Protein chains: 2
Amino acid sequence: MSQLDTKTRILDAGEHLFARDGFHNTSLRTITSLAKANLAAVNYHFGSKEALLRAVIERRLLPLNQLRKEQIDAVLAEAAATGTAPSAKSLLRAFIEPTLAFRSAGPGAQDFIALVGRSMSEPDETVRNCFIGLVLPNFRLFFESLQRALPQLPTAVLMARVQFTLGAMSHVMCTSNKPPINISAAPQPLDDDELAEQLLQFVSTGLEAPQ
Amino acid sequence: MSQLDTKTRILDAGEHLFARDGFHNTSLRTITSLAKANLAAVNYHFGSKEALLRAVIERRLLPLNQLRKEQIDAVLAEAAATGTAPSAKSLLRAFIEPTLAFRSAGPGAQDFIALVGRSMSEPDETVRNCFIGLVLPNFRLFFESLQRALPQLPTAVLMARVQFTLGAMSHVMCTSNKPPINISAAPQPLDDDELAEQLLQFVSTGLEAPQ
DNA sequence: GATCGATTAAAACACCCGTTTGAAACGCTG
DNA sequence: CAGCGTTTCAAACGGGTGTTTTAATCGATC
């Protein structure tokens, strides 16, 4: 890690600590000491603690958003080509899979996913506004595509079901790097891919449920 | 509020502020000033800030847990009486409905529900451990009942699906008192009862999805 | 009405926070 | 090698934190 430049080391440390302890629970002193940098380096390179958070989120979220957009566009294009409505499940896959697959994109990516997962219900506006602002255009595209896939659902109902979907998804995202609640002597928990497939099955069935 | 004793006023203020701003974002000075009490009163009556949090959670969660247990037991008893397996949907209703209905149990209850909803993915162990410790026995009963309702599902799969259910549920709980993300010009969002019914429909369909 | 435990009150404690400052060290270009 | 913009560094700033202390006030009991 020490051959990377200071800015990157701080981003990595911030990503890890923000994800593990939350934004307000993480001090600049903890970040800079993990990054082996001077305390003032954060304000020098980023301007403030909040700007560092924005940089941490943007670094990963912009590429992730683009990937999601490409996948959704591909689903829409194929539907248009065959003259049919896109299926809800394929849209969900386009939205969910890049996110969960992202976790194996390298060290720190899993931390980042946990950070994003929690951002959705963050009480603090610092984190939530930053996150929502970045993800909203992407999300709007997702929602409007879903409306075309499920035209029989009233908008308000679809919105509620999408909210449930996001809840299930974010919960998986932010608990995937934590020890699970030991509710039962499960022989063996599912691995990441199986979990993603189960999530997809769960939410697509729920989304298409009869009213 | 001012005719209540100091201890109760502090509990109410803590509940409101912990729910709105999070545990670490809320200072004892803010709590005591809202409660019209002296700063030292928290440490006098509760011992510490963390002990206050525990008291806030316990005050509502213990009765809620008992209510949930009664409802689940009733479902199990009726199933036993008719010699059939309990249905997943009725178990879900027994678990979910008391929680959401709790929001109309009085002022502050809605704040509390948001606090609980966020506790499940709380990065800080202070809040999470306190919450998990209290809810775990109740949750175990719920899970084992579900296993009897859906014996064909492997334990690991059921666990994953229950995790999704909790995610959807907690997301509803902690966003129900926030302005919704404006994804679309929805004519009119669902009211609380409709939302609860939609949630129940969504998760019970997902839980019973084919593998 | 005096006494004594329970409660409230104001003040101080020691510590951690994000940010700023000003000087030192570095790395490049001329 | 001199000069200069960039980066690092130690130190301090002002302010907020949870907690503790000490004294004052209250209320019931004798």
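Residue numbers begin at 1 in each chain, while the letters A, B, ... track the order of the sequences. Because the structure is predicted, anything quoted here is derived from the model rather than measured.
Partners of Phe95(B) by ring-ring contact (aromatic ring centres under 6.0 Å, His included), not counting sequence neighbours, listed by chain and number: Phe142(B). Every residue meeting the side chain to side chain contact (heavy atoms under 4.5 Å, CB included) condition with Arg29(B), not counting sequence neighbours, appears here in chain and number order: Ser27(B), Leu39(B). With sequence neighbours left out, the side chain to side chain contact (heavy atoms under 4.5 Å, CB included) criterion links Asp21(B) to Leu17(B), Asn25(B), Thr26(B).
Taking the side chain as every heavy atom from C-beta outward, Gln71(B) and Pro98(B) approach each other to under 4.5 Å. The shortest distance between side-chain heavy atoms of Phe112(A) and Leu61(A) falls below 4.5 Å.
Between the side chains of Arg68(B) and Thr99(B), a donor-acceptor pair is found at a separation under 3.5 Å.
Contact annotation: Thr6(B) does not reach the phosphate of dT7(C) (side-chain N/O to OP1 or OP2, under 4.0 Å).
Between Asn38(B) atom CG and dA6(C) atom P the separation is 19 Å, expressed in whole Å. Rounded to an integer number of Å, the gap from NZ of Lys36(B) to C1' of dT8(C) is 16 Å. Whole-Å rounding puts the Asp5(A) CG to dC26(C) P distance at 18 Å.
A salt bridge links Arg93(A) to Glu197(A): at least one charged side-chain nitrogen sits closer than 4.0 Å to a carboxylate oxygen. Ionic pairing of Lys69(B) and Asp73(B) is present here: one or more N-O contacts between side-chain nitrogen and carboxylate oxygen are shorter than 4.0 angstrom. With respect to Arg59(B) and Glu15(B), a salt bridge is recorded, a charged nitrogen being found less than 4.0 Å from a carboxylate O.
Taking the 5' to 3' direction, DNA chain D first and last meets chain A under 4.0 angstrom from a heavy atom at dT6(D) to dA12(D).
Figure legend: cation-pi geometry between Lys7(B) and Tyr44(B) absent, as NZ or CZ is not positioned both under 6.0 Å from the six-membered ring centre and within 45° of its axis.
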(request) Can you check each nucleotide of nucleotides 12-18 of chain C against protein heavy atoms at under 4.0 Å and return B for base, S for sugar-phosphate only, - for none, in 5' to 3' order? (result) B----BB
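Overall bending of the helix from dG1(C)-dC30(D) to dC28(C)-dG3(D), expressed as the angle between end axes built from five pairs apiece, is 0° (10° steps).
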